[in-house]
Amino acid sequence: MLSGWQVRNPKLRWPVEIPEALRGQTVLSVGRRAKYLLIEFPPGTLIIHLGMSGSLRVVGADDPHRKHDHVDLLLESGKVLRLNDPRRFGCVVYQPGEADAHRLLHSLGVEPLGNEFSGQTLKQAAKGRRVAVKNLLMDGRIVVGVGNIYASEALFLAGIRPAIAAGRISLRAYEDLAQAVREVLAYAVQRGGTTLRDFLNPDGQPGYFAQELYVYGRSGEPCRKCGTTIKSIVLGGRSTFYCPTCQKA
DNA sequence: ATAGTCACCTGAGCGC
DNA sequence: TGCGCTCAGGTGACTA
């Protein structure tokens, strides 16, 4: 039961939105869609995103707040579900009724670890598209969950050059890519995410060590498979890494 | 409709 | 030691 809340800084990616209607309401379910956490109450759903630096922790009621602890959800048990987000790229918003109706959720693509995601999904979406395959892979309207780091990693595993026009890639190659996406994400989840710089997982521990990455952030270093120097380019305003030898397609 | 760019924000890392 | 600059990420908004 949500007995109350405290918003110290409402200025996240969008203004923090917790309606009075939720006071005293019981949590019906906790779920997830793409990178959005969904906390369902009878009147509607709180939609929480951690951006890239956010974390949620359960702390004691009198635990002093620290820097960047922006939102507290006060639970009936006396515990507090506390959102910390240094970069403030996250959000806490609300959708009455059906959560999927929210503008942030309604046009999202398929889940990468679900059954609907396949090479066929990508091939279909890529039809006639000239955009770089990496950008297609990161387009949340097609498939969700593939961020900048894992996009480079998956393309490496599939042997596909990031800048190739999406529409020119074969179904066969897309099947390899879909499989690579599943492998990369499943492994990253198992390892607790990727740690770069100051980013830590919710336990405050570093996750998937950067030294396990094949290409991301390794510009100028030797490919772990063939020794060729890893190259970097910019696609969609994001740094992109690949091995010129292992990625020929 | 599609493709490309910009913006948001903070802390780390760098050169001086 | 301290300052100022650049960069990174997720993803919606905006411009051609």
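Reckoned from all heavy atoms, side chains included, excluding hydrogens, waters and symmetry mates. A, B, ... follow the sequence lines: proteins, then strands. Residue 1 opens every chain.
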Problem - Close approaches to DNA chain C from residues 89-100 of chain A, in residue order (heavy atom, under 4.0 Å) - result: Phe89(A)
Practice task
Would you work out how much the helix from dT2(B)-dA16(C) to dC16(B)-dG2(C) bends between its ends, with each end axis defined by five base pairs, to 10 degrees?
Solution key: 50°
Practice task
May I ask you to say what Arg13(A) touches in the nucleic acid, namely base, sugar-phosphate or nothing, with a heavy-atom cut-off under 4.0 Å?
Solution key: base
Exercise for the section: Report the distance from atom CE of Met138(A) to atom C1' of dG4(B), rounded to the nearest whole Å. Expected result: 14 Å
Problem - Partner set under side-chain contact (heavy atoms from CB on, under 4.5 Å) for Pro42(A), not counting sequence neighbours - result: Gln25(A), Leu28(A)
Practice task
Look at His68(A) and dG11(B) and indicate whether a side-chain polar atom (N or O) is within less than 4.0 Å of OP1 or OP2.
Solution key: yes
Handout entry: Spacing between Leu105(A) atom CG and dG10(C) atom P, to the nearest angstrom
Key = 18 Å
Handout entry: No-H, no-angle donor-acceptor pair, Arg238(A) side chain to dG10(C) base, under 3.5 Å
Key = yes
Heteroatom pairs (N/O) under 3.5 angstrom, protein to nucleotides 1-3 of chain B:
from	atom 1	to	atom 2	distance (Å)
dA3(B)	OP1	Arg130(A)	N	2.5
dA3(B)	OP1	Val131(A)	N	3.0
dA3(B)	OP2	Arg129(A)	NE	2.4
dA3(B)	OP2	Arg129(A)	NH2	2.7

Practice task
Using whole Å, report how far CG of Asn148(A) lies from P of dT11(C).
Solution key: 11 Å
Under 3.5 Å, which protein N or O atoms sit close to an N or O of nucleotides 14-16 of chain C? Give each pair with its distance.
none

Exercise for the section: If a pair satisfies ring pair (Phe, Tyr, Trp, His ring centres under 6.0 Å) and one of its residues is in residues 21-55 of chain A, list it, with sequence neighbours excluded. Expected result: Tyr36(A)-His49(A)
Exercise for the section: Give Gly147(A) one of three labels, base, sugar-phosphate or nothing, depending on what nucleic acid heavy atoms sit under 4.0 Å from its own. Expected result: sugar-phosphate
